[in-house]
Each structure stands twice: as C-alpha cells, then as structure tokens.
Number of protein chains: 2
Amino acid sequence: MSAAEPLFERIALIGIGLIGSSIALNARQHGLARHIAIATRREETLNRAEELALGDSYHLEAAEAAEGADLVILCVPVGACGAVTKEIAPALKPGAIVSDVGSVKGSVIAQMRPLLPEDVHFVPAHPLAGTEHSGPDAGFPELFQNRWTILTPVEGTDPAASDRLKTFWEGCGARVETMSAEHHDLVLAIVSHVPHLIAYNIVGTAADLETVTQSEVIKFSASGFRDFTRIAASDPTMWRDVFLHNRDAVLEMLARFSEDLASLQRAIRWGDGNTLFELFTRTRAIRRGIIEAGQDTASPDFGRRATPGADEKAPS
Amino acid sequence: MSAAEPLFERIALIGIGLIGSSIALNARQHGLARHIAIATRREETLNRAEELALGDSYHLEAAEAAEGADLVILCVPVGACGAVTKEIAPALKPGAIVSDVGSVKGSVIAQMRPLLPEDVHFVPAHPLAGTEHSGPDAGFPELFQNRWTILTPVEGTDPAASDRLKTFWEGCGARVETMSAEHHDLVLAIVSHVPHLIAYNIVGTAADLETVTQSEVIKFSASGFRDFTRIAASDPTMWRDVFLHNRDAVLEMLARFSEDLASLQRAIRWGDGNTLFELFTRTRAIRRGIIEAGQDTASPDFGRRATPGADEKAPS
Ligand SMILES: NC(=O)c1ccc[n+]([C@@H]2O[C@H](COP(=O)([O-])OP(=O)(O)OC[C@H]3O[C@@H](n4cnc5c(N)ncnc54)[C@H](OP(=O)(O)O)[C@@H]3O)[C@@H](O)[C@H]2O)c1
Ligand SMILES: NC(=O)c1ccc[n+]([C@@H]2O[C@H](COP(=O)([O-])OP(=O)(O)OC[C@H]3O[C@@H](n4cnc5c(N)ncnc54)[C@H](OP(=O)(O)O)[C@@H]3O)[C@@H](O)[C@H]2O)c1
C-alpha cells in the first residue's frame, strides 16, 4: 500500500476469477484500498485466492464481504449478477458505490438496479481487457494497462460516485470512457461478442468435418485457424451468459455479418476479383488504426516469433 | 554456405516477396544452394532484394534466372503461375525440379503442368507458414521452423525429385507431408482460406456500421476484434487469387460454416444456453491440441503481454 491515503477504506470483490484477481492485484499495488475483502461461492476458489494472498479477508458469504465496504464490485458471470445482488443488498452500507465488470451492461442494469437500496450509488462498468484464461491464477496486474474501461452510469447516478470509480480504474492503469448502456452493448456486440461467436463457430465447423480430420486441423492450424482457437478457448459460462444477455445487439450485428458474407460468397462464386480486392484493401486501414492507437502490437504474427513455446520444439 | 556440398548447384526463385526471401535466407544460411538466382518483375523489388543481399544474381527476366537451375521455385501469387511458367518453360534445364509455394494446389497444377516440358520434374509444394506482411523485407529465416510444408506430387512424378525437394524444405526447418492436391485444397480451405475470409468480412462489417463509429471500433478493439484485423491485413492480391483459385473447396467449407452459424443464431434467439455451452466447451480441446502439437504458444493473448509496442504507451 502506498504512503498516501488509500482511495477507499474497504473494497469488496465478489467473484475472484481473471478480472477480480487482476483488480485485487492493482488495488494492492497502487494503494487503492486499505482493506480488500474477497468473496467467492466455492471454497476451492477462495482457498486459492488466499494462497495467492490476493486480499485481506476471505468470505464464502458475499454479504459478509460487502458489509461496510465503500466500493463493491461484482466480478461474476453476467447471468449471476441478479442473484448476487439479492444476497448483498441488505448488507450494503449507505453511500457505498456498487459496480460490476460484466461484458453486457443493459441486462446487468436490469437485473441489479431494482434490487439495490436507494441509498447506494450504482455505477456499472466494463473493463475491456481479458485473456482466454480464467480463475484467480489467471490475473495479473498489467491486464488493464492502456486498455479502456467503459462506465455506463444510469439516470440519477451521483457524478461524484462516477468520478471516484473513474479514479479507481485509472489507478488500475485503465483509460476511462462513459457512454449509455445501450450504446455499450452495440459497440461490444461488434468488437467482441460477434468475433467470439464466429471464432467458436469456425472451430466447431472444423471439428465436425468428415473430409478433413481433427488431427489435420490441428497440425496445419498455423495458416490462420490457430488465431481463432485462442478466442474459442475462453470460458464457456462467461460467454454463454454474454450471448444470452446481449441477444438483440448480437443478433443485429450477426445479421450484418451474414449479409456481408453472403455477398463475398457470391463474389467468389462468380469470380468477381474486384469486389474481393477492394474489401481486402480497405480492411488494412483498420489494422493500421489499431496499431497507431496502441491497441495491438505491430510485430508480425502478434510477435509470436519471439515467444517461447511455439518455436522451441525441433522438427521431428 | 556450409562446408559440405550444397544440395543444389543453382536454384532460381521467381518472385521474392515474404516467401521467396525467406527461402533465400534459408538456402544461404543452411548451404542448400551454391548459387541463388532471383527474379522478380519490378525493378524496385529486385533492387531491394539486391540491397538485402538475398541472392547471387538478380534478373528482371524470369527465364534468365531459371536457365541452368536445378531447382526453380515460383514464389508469386497463385493467379500468376501460368504466365510465369510460360516465360520460363523454354529456358528450363532437362532434369530440373520445378516447384512453387502457392496456397492453392489444384489450380496451380492445372495452370503449370500443360506448359512444362516433358523432361523436367514438377513437384508442387506449399509451405504452411506466413505472416500478414509481404515483400522482400518481410522475410526471415525462422519462418518455416517447425511449420509444415505440403508436397502434392502429380501422377508420374519421379520419387527421387520429391525426395530432394523434401530434403530442401527440411533444410529450411520445415516438416514435410505429402497428400493429393485435391485433399490439400480442402484442408487449406478450412484451416486457412475460410478463416481469412471471415476475418476480412468481420472487419468490413465493422467498418461499414452506422451505429458504431470506426474510431470506436479501433479504440475498443482489444476485446477480440483486433485478432481478426491482423489476418485481414494480409496481401490483397495474394488473397484475391486464393479465393478465385480455390473456389469450390472454399464455397463448400463456407456453406458448412454458415449452416453452423445459423444454428448458433437460433440458439441465441431462443435462449438455448445449453447448445452454446456445449459448443464453447468442445472448442477448448482443439486449442489444447494445437498447443500440444507445438503449433501455437500457450501464453495468454499469444504472449502479447511481453511484446513491446502494445503496452508501452502510458494511459492518457
Ligand atoms: N474474461 C474476460 O476476458 C473478461 C473481460 C471483461 C469483463 N469480463 C466479465 O468479468 C466477469 C468475470 O469474468 P472472469 O473472466 O473474471 O471469470 P472467471 O475467471 O471465470 O471467474 C468467475 C468468478 O465468478 C464466480 N462465479 C461463477 N459463477 C457464479 C455464480 N453462478 N454465482 C456466483 N458466483 C459465480 C466464480 O466463483 P467460483 O470459482 O467460486 O465458482 C469466480 O469467482 C464476467 O461478467 C465477464 O463478463 C470478462
Ligand atoms: N504470405 C503468406 O502467408 C503465404 C504463405 C504460404 C504460401 N504463400 C504463397 O506464396 C506466394 C507468394 O506470396 P508472398 O507472401 O511471398 O507474396 P509477396 O510478398 O506479395 O511477393 C509476391 C512476389 O510475386 C511477384 N508478383 C506479384 N504479382 C505478380 C505477377 N502478376 N506476375 C509475376 N510476379 C508477380 C512480386 O513481384 P514484384 O514485387 O516485382 O511485383 C513479388 O516478387 C503466393 O502464391 C502465396 O499463395 C503465401
């Protein structure tokens, strides 16, 4: 903890997987809280969090962790937010800030808001950072560095509470942006949810073919396919909940994707090289923009060349 | 060049982009050829190859490079293979091995075979290795390390010629596999061509939305989208040719992909979480297989965390 006064006296993290543990590490490292209370439903996960020394107190009852906390953050799958809110609501301290990290915002607000007491400040949030791994061991302090956290304050949210949460996330290394929950859900549908869906889908398609074996798919995956398998190795529970809870925006973006794909299919069928060439040229500009914005590495192949593991095996 | 006798006296590389230059670097480094003749159609590219000292002689006429060569490898876009073969055919030395690196094999064979003299050995090949960059500066010697090169010998190919080409590719660090051109084109459609097509497509869809701006797509890309933009930054000419020349296999695999996607769409629409959960669980096994096969890194996020560039900017 830093010498300065911590931003919060007591924070409670309900759920201590990839996101919860990364927040805990930041709160500790940057002195954002004097006391970090950690709750999770399974004893196994709680014990692991304690072994990793992620917090100051450990609870199997979410309400116990939330009691007396100035900031409570739900770090559980989107579909569990309502049930967890019901548990903690009676224990919440008046004036506490209640937030979450869910990848969908409209549904989380619909679940949580009616259950929260009048005298707490509800500021929904979503850190746009993650990896394909999960659980308390997956967290690391740099996860939020240079990534965006989106706040989607609801009508009537106290601006001071939003500001404090913004300071908290900036303390974790994130940049912070504010928008409506509805817009958030549309944006995420195209930059995250549909990409995950098509990654899961192509991996499923490849696994089910009769003409090409699974072992061929694995062996020859370096020609493009392997990129998709990373995303398609993400947590099934989390992603099931994302799709069930952001249904409308996902279906809308998916319809656009399929429409565009049908037109590429037609171009291939009729040998229309110009349509293909024109699209393949346009898409490069977006990649350049992402690299210039510091949101991806410019190294070829994500810099995989330099990573150990992929290339260390000798040809057999 | 190593002290031992080189595998070939003279090799000719027709086309000196990412693949051609990576072959040249390997041929030099591992003593696979006494003389490396390089040809490319544009003076600018040829000068750059010479500046990089990739070969021993430099030619704007492909036939000049091919003359007297024991191994000639076409490293040009798939659609250019017929025209280049026409140029070099009269110059080919009897007994020479003629090969290529095209990402499609059926069409390349159909283009080249009828134009080649009877007295040369035609052994089509495809190294399954690449990055999103192109041109002679993009090459590097480790490109083929631990990756597969597929040979698709045609009926009547001299096994000794196939064996020598296999030894050449193993000298470049690759593992070598043999299969029919038809099967190659099916396998590549699912592990490479369709993945590239859907990556190009989602980037196009995202760029064209009215409800979400391009700058939002770029800013928030780290939640999944950015992975697709790497692939969608690949060379437009090369990829246009791939889709035009592997039409049937691509359309077949694309139909399967779309069918599967429609069923996921239905699951989302009707709130069928089990179907989603079941697929999202199955797909993880494929990822594990790829990592165990040494075809990708196990580090979270492709090990991007450790790469400079992405994280070096301070939050603003
Ligand atoms: N992973 C990402 O890339 C990412 C990025 C941004 C936002 N998010 C959001 O962050 C949240 C957590 O994701 P994560 O990646 O940290 O997940 P995770 O690593 O799988 O951890 C999930 C945590 O939630 C708990 N949990 C699971 N199901 C629960 C239930 N039904 N009721 C109560 N607690 C439950 C788990 O407890 P036990 O282990 O004790 O069962 C665990 O503590 C999700 O809402 C997700 O949308 C994820
Ligand atoms: N990139 C990959 O990931 C990858 C992987 C495996 C296989 N391949 C295959 O390898 C081949 C070359 O790809 P690459 O990535 O090395 O391409 P590249 O870096 O773009 O280089 C292409 C080379 O081909 C020449 N060329 C282009 N169009 C031509 C034409 N119409 N006629 C004659 N020469 C032409 C270029 O000459 P100028 O510069 O002089 O115009 C250049 O020397 C393609 O067949 C591709 O399918 C690529």
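Labels below follow one simple rule: chain letters A, B, ... track the order of the sequence lines, proteins then strands, and each chain is numbered from 1.
When Leu276(B), Ile231(B), Thr281(B), Leu251(B) are compared by the number of non-hydrogen pairs under 4.5 Å with chain A, Leu251(B) comes out ahead. By number of non-hydrogen pairs under 4.5 angstrom with chain A, the leading residue of Leu197(B), Leu188(B), Val250(B) is Leu197(B). Annotation: maximal heavy-atom pairing with chain A below 4.5 Å, among Ala267(B), Ser223(B), Ala285(B), occurs at Ser223(B). Comparing Ile150(A), Thr237(A), Leu209(A), Leu186(A) by heavy-atom pairs within less than 4.5 Å of chain B, the highest count is held by Leu209(A). Note: Leu261(A) leads Leu261(A), Leu128(A), Thr211(A) in heavy-atom pairs under 4.5 Å with chain B. When Thr275(B), Asp248(B), Val212(B), Thr131(B) are compared by the number of non-hydrogen pairs under 4.5 Å with chain A, Val212(B) comes out ahead. Between chain B and the options Asp227(A), Asn246(A), Asp272(A), the largest number of non-hydrogen pairs under 4.5 Å is found for Asp227(A). Note on Met253(B), Glu259(B), Glu278(B): by heavy-atom pairs under 4.5 Å with chain A, the leading option is Met253(B). Your options are Arg230(B), Arg269(B), Glu132(B), His133(B), and the one with the most heavy-atom pairs under 4.5 Å with chain A is Arg230(B). With chain B as partner, the option from Ala129(A), Ala232(A), Gly204(A), Ala206(A) having the largest number of non-hydrogen pairs under 4.5 angstrom is Ala232(A).
Ring geometry, Phe302(A) versus Phe302(B): the interplanar angle falls under 30°, so the pair is classed parallel (tilted spans 30 to 60°).
Proximity to chain A (any heavy atom under 4.5 Å) is shown, for His193(B), by neither the backbone nor the side chain.
Comment: Asp208(A) engages Arg282(B) in a salt bridge, judged by a side-chain N to carboxylate O separation of less than 4.0 angstrom. Ion pairing between Arg226(B) and Asp301(B) holds under the 4.0 Å rule for side-chain N and carboxylate O.
Taken to the nearest 0.5 Å, the CD atom of Gln295(B) stands 9.0 Å off from the CZ atom of Phe220(A).
Ring centroids of Phe228(B) and Phe228(A) are separated by less than 6.0 Å, placing the two rings close together.
Both the sub-6.0 Å distance and the 45° axial angle are not jointly satisfied by Arg240(B) relative to the ring of Phe280(A).
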